[in-house]
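Written out below as structure tokens is the structure these notes cover.
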Amino acid sequence: FSCYNAIITYKTSDIQIGDVIVYKLPEPISYFVMDETIVLDYLIHRVVGINGSRFVTRGDTDHFGRHNAVKDKFQPEKSDVVGKVSKIFY
């Protein structure tokens with residue numbers, strides 16, 4: 001399991017399919033990965049569709065680095081979006 005060292009985001013209302021966004025979850029989620037419990041308040045995922053006023057998102061890979069085809073259950077609205085990712089530092 002690896003994390004980003006840092007990301008740069010910027011606030012914008014222009015969010016399109018293919019953009020990577022940071023958004024606040026309605027409730028923290030926790031899961032168990034490699035003997036460690038991870039708790040998340042925010043997600044960094046790619047927009048793969050737009051459903052009215054909501055964004056359909058999914059992560060690019062799963063926790064093992066494989067392609068992720070599963071769309072997120074929660075569909076954030078613009079008010080949930082913290083920013084659009086412009087740079088990821090690994």
Side-chain angles (χ1 to χ4, degrees):
F1 183 72
S2 63
C3 294
Y4 310 118
N5 290 328
I7 61 169
I8 296 176
T9 65
Y10 61 98
K11 198 77 169 155
T12 180
S13 60
D14 181 30
I15 298 172
Q16 306 292 324
I17 292 173
D19 290 341
V20 177
I21 60 173
V22 177
Y23 62 90
K24 180 151 181 57
L25 294 165
E27 294 181 14
I29 58 171
S30 59
Y31 55 94
F32 192 70
V33 177
M34 299 180 73
D35 300 327
E36 187 175 346
T37 300
I38 308 293
V39 179
L40 299 174
D41 293 307
Y42 297 87
L43 283 181
I44 304 168
H45 279 179
R46 186 174 305 278
V47 176
V48 295
I50 298 175
N51 184 11
S53 65
R54 296 187 172 274
F55 299 108
V56 180
T57 61
R58 75 167 182 237
D60 289 347
T61 60
D62 66 10
H63 306 298
F64 304 103
R66 300 175 299 210
H67 174 72
N68 181 16
V70 179
K71 294 176 184 166
D72 299 329
K73 291 178 185 175
F74 175 67
Q75 295 182 350
E77 297 185 89
K78 284 186 180 185
S79 61
D80 300 312
V81 176
V82 175
K84 187 170 161 178
V85 175
S86 63
K87 180 76 175 165
I88 298 174
F89 298 93
Y90 295 95

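What you see is a predicted model; the values in this text were computed from it and never measured.
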Is the His45 ring parallel, tilted or perpendicular to the Tyr23 ring (thresholds 30°, 60°)?
perpendicular

Applying side chain to side chain contact (heavy atoms under 4.5 Å, CB included) to Val56 and not counting sequence neighbours gives Val48, Asn51, Lys71, Gln75

- Message: Could you check whether any side-chain heavy atom of Ile8 comes within less than 4.5 Å of a side-chain heavy atom of Phe89, counting everything from C-beta outward?
- Response: yes

Pro28 and Val39 have their tightest heavy-atom pair at CB-CG1, 4.1 Å

Side chains of Val70 and Arg58 in contact at under 4.5 Å (non-hydrogen atoms) = no

For a side-chain contact (heavy atoms from CB on, under 4.5 Å) check, start with the C-alpha distance between Ile21 and Ile15, then their side-chain angles and the critical distance, and finish with the verdict. CA-CA 8 Å; Ile21 60 173; Ile15 298 172; 3.9 Å; yes

So CD of Glu27 and CG of Leu40: to nearest 0.5 Å the spacing works out to 13.5 Å

Residues Thr57 and Phe74: closest non-hydrogen pair is OG1-O, 4.3 Å

In short, salt bridge (charged side-chain N to carboxylate O under 4.0 Å, His left out) pairs touching residues 77-90 with sequence neighbours left out are Asp19-Lys84, Arg54-Glu77

Hits for side chain to side chain contact (heavy atoms under 4.5 Å, CB included) against Val22, two or more places apart or cross-chain, chain-then-number order -> Ile7, Thr9, Tyr42, Ile44, Val82, Val85

